[in-house]
Structures are given as C-alpha cells and as structure tokens.
There are 2 protein chains.
Amino acid sequence: MTLAERLQAAHYQLTAPRRALLQVLETSERHLTAAELLERGRAIYPALSRATVYRTLEILAALGALRLIYDASGAPRVACIAESHHHLICLGCGETFHFDDCPISNLEEQIGERFGFSVSSHLLELYGFCQACRP
Amino acid sequence: MTLAERLQAAHYQLTAPRRALLQVLETSERHLTAAELLERGRAIYPALSRATVYRTLEILAALGALRLIYDASGAPRVACIAESHHHLICLGCGETFHFDDCPISNLEEQIGERFGFSVSSHLLELYGFCQACRP
DNA sequence: GTACGTGCAAAGGTTTTGCATGGCG
DNA sequence: CGCCATGCAAAACCTTTGCACGTAC
C-alpha cells in the first residue's frame, strides 16, 4: 500500500503538493529533516510551503504511515517511513548503518500475541562503536 | 555503571545541578521531555536552569549514556536512558507498553560481529494496534 | 588560583497557527 | 458549490549561546 493509497483510503485529497511530498518520501534513500523535505519537494512542486510539509507529516504520522525519529546526533526531527528499519548507530562518529534483512520478523508476531497487539512494523536500533571508533 | 560514574569517568564534575538531573533520569519511570526534566529537577535543586538541562543532556548523549528519541505522538524530544528498551506502541491511541525481557540479546552480538561493531545497547519498537484500537 | 560549570537573558531556529485565496471532488 | 487544502506571514515554542559570576578541585 503506497502512501498515496493510504491518504485516499482515509479520505484525504491527493493534491499536487502532497504528491510531491509523497514522492520525496518514497524515493528518499535515508531519513530526511523537515528542511530537506521542503527543499526536495520544491524541486518537484516549487510553490510548496513549509506549512504544508508539517501538515502532511502530521497527517501521515497520525495514520501510522510514517514516524518521526531522531538521528544519532540528536539532530532535528527526521521522517521515517513506517516500514521496519534496522540501524547500527555508532556512538563515536554518529554514523548510521542500515541493514535490510530482518532479524526479528518471527518475533514480531510472537510478541504481538503476548500483548494482544497486531504489529505492523518495527524499528530496531543497535548502539555501539564501529571499528574505527572502538575505544 | 551509574550515570554519575560515567560522568566522573569522563572527567566531568559532579555538581549539585547535575546530581539532581541524574537522579531524575535514573528514577523516572518513563521517557521525559526537556520541560519535565526541568520541572522534576527543580523539585530537587530549585535554582536549576533550562540551559543546564540541555547542556547535561548533550554531555550524556555524547558519552553514549543516553539517547534522545520521539514518543509515539511525535511529541517533543524525550530523554531515554541508554539501557536497552523494548516498546510496543499503539498507532491508534498512542499508548506505549514496555516489556523487559529482551528478545534479541543473542542477536546483538551476532549482528555486531557482522558489521564490526561492538554493540552496547539497543532500542526495539514495535508499531501496531492494541486490542482496543484494532480496526 | 584556575578551569569548569551555572544561571540569566537574549538570540537563533524550527514548528505551529490564522487567515484569505484557490482547487478538488 | 461546499469543503478541504494551500501559501504566506506572524506567532509561539523550544533549543542554543554569550557572558559574568560561583564553585569544585
């Protein structure tokens, strides 16, 4: 289910500014700040306003379609599409490494059952030190 | 290793304002916003200033002793002690459920090895819908 | 005594809101 | 045609910084 489909399913209009943002979100290779979203969105739809960026993020977050997280440096908020994510974050240099293969797909269901949750995605972040930064 | 010990190990002074904050952090039952930290810290050390809250958080984050994350509602930043955390977050009502027993302690090492990381802690968040909110 | 830490207040930046206009369905 | 969505600009908010004073070691 794409973000656009999610918006429509929830009876939100699919306008040009929103399309631009969705496209940016779905094609971004990493988590973006609000400012980056605005910049990239304007490459597609130049009149895009800052307010629309925030308003759209708010809608998507409320729908559970994405989630805001911090990056390792504690920097401003970043948008994170609500697929499952797996990161290794170096506490030394702040570098983030993604890995794709999910080590806990089986646990998702198992834990969900225990708490009566229907789990749809997850975020797994491992903190430590990379080879270069190891004390 | 307590937060106080960590600070001292890194040759930071253990002053009254910092002690107050550490006590708040170590006894808080959940993640707090900066404003809550200030408020609770002032209950212990009334002259505590906002600036000291942020400066202390920055130090602790740099030491890898805690980490800033968002709560489920995408609200302002919260301080999260850098022990491993396991949450179930309901996308409907925003409620967060913690569970203590770690389902991936064995994976930590395994994944670390693969990437040459020495992993010290992790954050695992599962998103879904609780029984009451299930669509 | 010196370097580090603090509080205050001001500056800086980001997010949110109000309102008039424009566009979708 | 009515309602939702938008852009702009101002307001509100949160975080950071500069500086003079205190305090720890």
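In what follows, every chain begins at residue 1, and chains take the letters A, B, ... in the order their sequences are listed.
Ranked by how close their nearest DNA chain D nucleotide is to the 5' end, A/Thr56 and B/Gln8 are led by A/Thr56. If A/Ser49 and B/Glu58 are placed on DNA chain D by their nearest nucleotide, the residue sitting closer to the 5' end is A/Ser49.
Residue-level contact check: B/Arg50 touches the bases, meaning some heavy atom is under 4.0 Å from a base atom. Heavy atoms of B/Ala16 sit nowhere under 4.0 angstrom from any nucleic acid atom.
Residue B/Arg55 places no side-chain N or O under 4.0 Å from the OP1 or OP2 atom of C/dG5.
Formation of a donor-acceptor pair under 3.5 Å by the B/Arg67 side chain with backbone atoms of B/Ala79 is not found in this model.
Among the nucleotides C/dG7, D/dT6, C/dG25, the one closest to any side-chain atom of A/Arg18 is D/dT6. Listed candidates were C/dC24, C/dG5, D/dC8. Nearest to the side chain of A/Thr15 is C/dC24. Between D/dT6, C/dT17, C/dC8, one nucleotide has an atom nearer to the side chain of B/Ala51 than all others, and that is C/dC8. Closest contact between the side chain of B/Gln13 and the listed nucleotides D/dA24, C/dT6, D/dC8 involves D/dA24.
Using modelled atom types and a 3.5 Å distance limit, the side chains of A/Glu108 and A/His122 yield a donor-acceptor pair.
Classification of the B/His31-B/His87 ring pair by plane angle, with boundaries at 30° and 60°, yields tilted.
For the pair A/Leu32 CG and C/dT14 C1', the computed distance is 16 Å after rounding to whole Å. Rounding to whole angstrom units, CZ of residue B/Arg19 and P of D/dT23 are separated by 15 Å.
Taking the centre of each ring, B/Phe115 and A/Phe99 come in below the 6.0 Å mark.
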